[in-house]
Amino acid sequence: MGEDRVTDIVAALTPCHGGAWEMASAELDAPRGDEVLIRIVATGVCHTDMSVRDQDLPTPLPAVLGHEGAGVIEQVGPDVTTLAVGDHVVLTMTHCGKCTNCVTGHTVYCDNVMPLNFSGRRLDGSPTITCRGEAISGSFFGQSSFATYALASERNAVKVVKDVDLALLGPLGCGIQTGAGTVINVLRPEVGSSIVVFGAGAVGLAAIMAASAVGCTTIIAVDLHDNRLDLARQIGATHAVKAGTDTVETIRELSAGGVDYTLDTTAVPAVIRQSVDVLKMRGRAMLVGVPKPGAEFTLSVMDMLFGKSIGGALEGEATPKSFIPHMIALWKQGKFPFDKLIRFYEFDQINEAVADSESGKTLKPVLRIGAL
């Protein structure tokens, strides 16, 4: 494949607001500059994909979504220096590499985060995917990995070892990274500290595994689904609480009055309030869920005067080039069993995978797209 040629792909197309994914033939632009062409082996399904489908996030439709891709590099652009054909890579959120936040190591807060990841185009406005003769939204999270091939940049393609099943690794680029990174990089809990994780989906369970790995001794999972709470206990939670009207009181009883840290993955305003109410003095709450547009929550000002704090984080504030290999190393050591969250689906089962994710039946659906 020469630099001036496009690649024929099969993609799962999101045609309209709230619609089902449709399998379609499309054409993918050739890699330019620092771009790489990746044959996708597998990709995770994440809540953010559904948020765009429902237009809670602003990517124009129709679009090829998918942002937890893993695959093998088949072609590199002329400016690529750190990746090569044949490398195994995990794809993650992209960034410009030039703004103040990027050059100071805070790439998830890139000044161009929205146009680069959600506009459906390259930063210069050029499209990467054509379907039925029309340019459509691609470049989702700098990849659009609900497809047999994807374009990424050298910045958001993370080289990984070849002795781990590549099909497992895609979720490390977003959901798993978000949960684990928020604990390890943002909250940084002390050994022996206490934490509550609200929402035991893939992000919340990744946070629980990370909390266990770094030495938290009281780890409380809160969720509506018994199967999620059961798994939370298996991978590190010391307590599991079925969400209900007495959630705050139950957590206070389990933690002798309150906890050091909380993490909310639900983005439900009432649950966010609970995540602050269960903190002890000087406790810290962190928000990572994607809310509905216009969502707001209320807090007790007097309560906040006692040293409590609340904040939010994107992508676990991770540096993916180092953090993704770190998670793989923890997994190899048996300290981060993220594989227990995964259920595989064939590519043409994408609508079943999405439905199972939304119902809570499956924690982390992963689509098998191509052979290694």
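Contact annotation: the side chain of Ile195 never approaches that of Asp260 to less than 4.5 Å [non-hydrogen atoms, C-beta and beyond]. The side-chain heavy atoms of Lys159 and His88, taken from C-beta on, include no pair separated by under 4.5 Å.
Taking the six-membered ring where the residue is Trp, Trp331 and Phe338 present tilted rings, their angle falling between 30° and 60°. Between Phe141 and Phe118, the ring-plane angle classifies as perpendicular under the 30° and 60° cut-offs.
A cation-pi arrangement is absent between Arg39 and Tyr149, since the terminal nitrogen or guanidinium carbon is not both under 6.0 Å from the aromatic centre and inside a 45° cone about the axis.
At least one donor-acceptor pair under 3.5 Å links the side chain of Gln349 to the backbone N or O of Glu346. With hydrogens and angles ignored, the 3.5 Å screen pairs no side-chain donor or acceptor of Arg273 with any backbone N or O of Val268. Looking only at distances, no side-chain donor or acceptor of Asn156 sits under 3.5 Å from a matching main-chain atom of Met93. Remark: side-chain polar atoms of Asn185 are not paired, donor with acceptor, to backbone N or O of Thr182 under 3.5 angstrom.
With hydrophobic clusters built from ILVMFWY side chains whose heavy atoms lie under 4.5 angstrom apart, Val108 does not share a cluster with Leu287.
Listed by first then second residue, pairs satisfying side chain to side chain donor-acceptor pair (under 3.5 Å) with a partner in residues 95-121 read Tyr109-Glu317, not counting sequence neighbours. Residue pairs satisfying the side chain to side chain donor-acceptor pair (under 3.5 Å) criterion with at least one member in residues 199-226, sequence neighbours excluded, are listed as follows: Asp226-Lys242.
Listed by chain and residue number, Arg343, Tyr345 satisfy the side chain to side chain donor-acceptor pair (under 3.5 Å) test with Asp356 (two or more places apart in sequence, or in another chain). Residues passing the salt bridge (Lys or Arg N to Asp or Glu O under 4.0 Å) test with Glu35, sequence neighbours excluded: Arg122. Residues forming a side chain to side chain contact (heavy atoms under 4.5 Å, CB included) with Glu27 (at least two apart in sequence, or on another chain): Val6, Asp8. Residues forming a salt bridge (Lys or Arg N to Asp or Glu O under 4.0 Å) with Lys321 (at least two apart in sequence, or on another chain): none.
A salt bridge links Arg53 and Glu358; the closest N-O separation between the charged side-chain nitrogens and carboxylate oxygens is under 4.0 Å.
Of all the heavy atoms in Val203 and Gly175, the pair that sits closest is CG2-O, 3.5 Å. Residue Val89 comes nearest to Ile73 through the heavy atom pair CG1-CD1, 3.8 Å, listed as atom of the first residue, atom of the second, then distance.
Of the candidates Leu13, Thr14, Val45, Val45 is the only one forming a side chain to side chain contact (heavy atoms under 4.5 Å, CB included) with Phe146.
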